[in-house]
Amino acid sequence: TVHLEAAIGDARTRLGRATKRLGQVDGELAGARSSVEKMHALAVEAQQNLEARDKAQAGMLSDLAVAEEALESGRSELREHKLAHAGLEARREALLESGGGEGGLAAGARCVLQAVEDGAGPCTAGTLHGLLADHLHVEARLARALDAVLGEKAQALLAPGAGEAQVVLEWLATGEHGQAEVLVPKGMGSDGITSALGSVNLGRFDTPSFLAFEPYGASVEGRLSELVQCAEDLRPLVDNLVGDVVVVRDLVSALDLVKREPHWRYVTPSGELVDAASAVGGSRELAQGAMGRRSMAEELDSEMESLEALLGQDREGIIQLEQTAAASRLAHEQAADEHEVARIAAAQASGEAQTASARLTDQETVREEHAGMELRAREELAALANDLQVAQDKRIKSEQVFTQTNERLDEVEKTRRGMEEEREALSKAEAKARVETTRLQGELEALRGRVEGSVRRCEEDQAERLRAEGRSANFLA
């Protein structure tokens, strides 16, 4: 590394001299290059201006074409939206009028409403509140279910009290206009004779709690009365009409639940109705019932509102497109005039720049030679620096390996010393154990002698006892 560091010093000296010479050449060229750069800058600016005018002219032409195309497309889209809006409006009118062919109670109700509108009915306009179906709202997918449960009651008239209901029914009977059903939201007894509907024991609400259906999970959607939207003053009437109806997933679920909970009625989203005594099912179109037709009409109303918003946007867009097209035509004409002026200026600037560049070519050649010398000096310095870095990396790695080896040797020495100390401790323990063993063996021998003496004395005592017993027996005899 010492030799490499010395070589790097020499290389740096050579690089400094080459850089100094290059700086001197650059200073000599500064004046000439400044004027040439100014001329080139003017030429470039003129050419850029020309190109900008070319692009601007082409862009204006393209914008004009795009604006005219967008204008025609907007007008076409406006015509399409008008046709779509007219089609939706026709479908809605046809849908609401399709229920006019029904007979029975619905025909009588329509007769009453038409007579009231004409001023020849049983009451003044505003007394009756229209048909029940006009005041109930439900999701489109549940419209068949509500139609199946309500039946002709969906076309029933709404009267404020029992007196108005009686007037309507007597008018139908007197004029032989057919029959109609009249509903009183507060209850037929709300005129003062009996309690209001909210206090009447309706029977259906004495059924077990709806909580009994919790174990059936997803097969039960809820009570139909809670899924129907209406005004608060109509809520008691809705509870009375459909409060005992449970919406279930399908006919199989309805048939299964009616066996378990027969006090309820069950209806599916497709319009199948099951109670403890009967079942109604089969194919049912959405437009077949009053609620279905109104749900479809509400969807068409929503689509019509969206189309009306689009029509307004289309009209505003066409006005903006017409203004854009007019502005594009004017801008295109201005861009053509500016393009011609820029073309003349670019030609003059280009000629002056080419003349100045020719005078500068020789001086730049000399500068390139000095730049090459400096580059070679830099490359040499970079190569030496790289070699020095490699050498230093190798030295560092060697020192790391040496340090790791010493650390491992120290660990081995510590382990050896520990094992020597452990061996000496074991030797001392072994000697001590031998001494203790010898002592214990002596004590054992002494103990054995004492035991043998005790055994002999016991035997002698036993023999003496036997002799005493013999003498005693002889004496007694």
Side-chain angles (χ1 to χ4, degrees), residues 1-9 207-223 246 248-250 252-264 381-477:
T1 59
V2 175
H3 296 294
L4 287 173
E5 290 175 352
I8 288 174
T207 55
S209 171
F210 185 73
L211 296 177
F213 293 99
E214 286 187 356
Y216 300 104
S219 63
V220 177
E221 296 191 22
R223 295 178 68 171
V246 178
V248 297
R249 180 172 52 197
D250 49 34
V252 175
S253 301
L255 294 174
D256 178 59
L257 288 171
V258 77
K259 298 176 184 177
R260 304 170 186 267
E261 302 290 340
H263 299 291
W264 296 81
L381 178 61
L384 290 172
N386 183 61
D387 293 340
L388 177 62
Q389 183 65 40
V390 172
Q392 290 176 345
D393 292 342
K394 290 182 179 179
R395 186 191 66 181
I396 292 172
K397 290 182 180 178
S398 299
E399 291 176 352
Q400 292 176 348
V401 171
F402 178 76
T403 302
Q404 293 174 356
T405 302
N406 282 341
E407 291 176 352
R408 287 196 294 271
L409 289 174
D410 291 341
E411 292 177 357
V412 171
E413 180 64 20
K414 291 179 181 179
T415 303
R416 186 188 66 77
R417 290 176 182 176
M419 294 177 67
E420 288 291 337
E421 293 175 356
E422 184 178 357
R423 184 179 64 80
E424 291 178 1
L426 291 174
S427 298
K428 292 178 180 179
E430 182 183 7
K432 184 177 181 181
R434 287 178 180 176
V435 171
E436 183 68 17
T437 301
T438 302
R439 185 182 66 78
L440 292 174
Q441 286 179 349
E443 292 179 357
L444 179 61
E445 291 298 329
L447 182 61
R448 286 176 180 173
R450 289 195 298 272
V451 170
E452 290 176 356
S454 297
V455 170
R456 283 194 302 271
R457 285 193 297 272
C458 287
E459 290 176 351
E460 291 175 356
D461 292 341
Q462 183 69 20
E464 181 65 24
R465 185 179 64 80
L466 293 174
R467 285 193 298 271
E469 291 177 352
R471 288 193 300 270
S472 176
N474 293 331
F475 179 76
L476 294 173

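Here the structure is a predicted model, which is why all the values come from computation and not from measurement.
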Q | Stepwise salt bridge (charged side-chain N to carboxylate O under 4.0 Å, His left out) test for E411 and R408 | A | CA-CA 5 Å; E411 292 177 357; R408 287 196 294 271; over 6 Å; no

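Between E464 and R467, at least one side-chain N (NZ, or NE/NH1/NH2) sits under 4.0 Å from a carboxylate O, which counts as a salt bridge. Look at E469 and R465 and you find a salt bridge, because one of the NZ, NE, NH1 or NH2 atoms lies within 4.0 Å of a carboxylate O, short of that distance. With salt bridges taken as basic N to acidic carboxylate O contacts below 4.0 Å, none links E420 and R417. Between K428 and E424 there is no salt bridge, since no side-chain nitrogen of the basic residue lies less than 4.0 Å from a carboxylate oxygen of the acidic one.
Nearest heavy atom pair, residue V258 against residue W264, reads CG2-O, 4.5 Å.
Judged by distance alone, with hydrogens and angles left aside, the side-chain atoms of N474 form a donor-acceptor pair with the main-chain N or O of G470 at under 3.5 Å.
Residues passing the side-chain hydrogen bond (donor to acceptor under 3.5 Å, both in side chains) test with E421: none are found, sequence neighbours excluded. Partners of E459 by side chain to side chain contact (heavy atoms under 4.5 Å, CB included), not counting sequence neighbours, listed by chain and number: V455.
Rounding to the nearest 0.5 angstrom, the gap separating the CD atom in E445 from the CG atom in L447 is 9.5 Å. Here CD of E399 is found 12.0 Å from CD of Q404. Values are rounded to the nearest 0.5 Å. Distance check: E443 CD to T438 OG1 gives 11.5 Å after rounding to the nearest 0.5 Å.
Of the N and O atoms on the side chains of R457 and S454, at least one donor lies less than 3.5 Å from an acceptor on the other residue. Looking only at atom types and distance, the side chain of S253 has no donor-acceptor partner in the side chain of D256 under 3.5 Å away.
Side-chain contact between L257 and V220: present, with at least one pair of heavy atoms (C-beta onward) separated by less than 4.5 Å. E407 places a side-chain heavy atom less than 4.5 Å from the side chain of T403. You'll find the side chain of R448 reaches within 4.5 Å of the side chain of L444, heavy atoms only.
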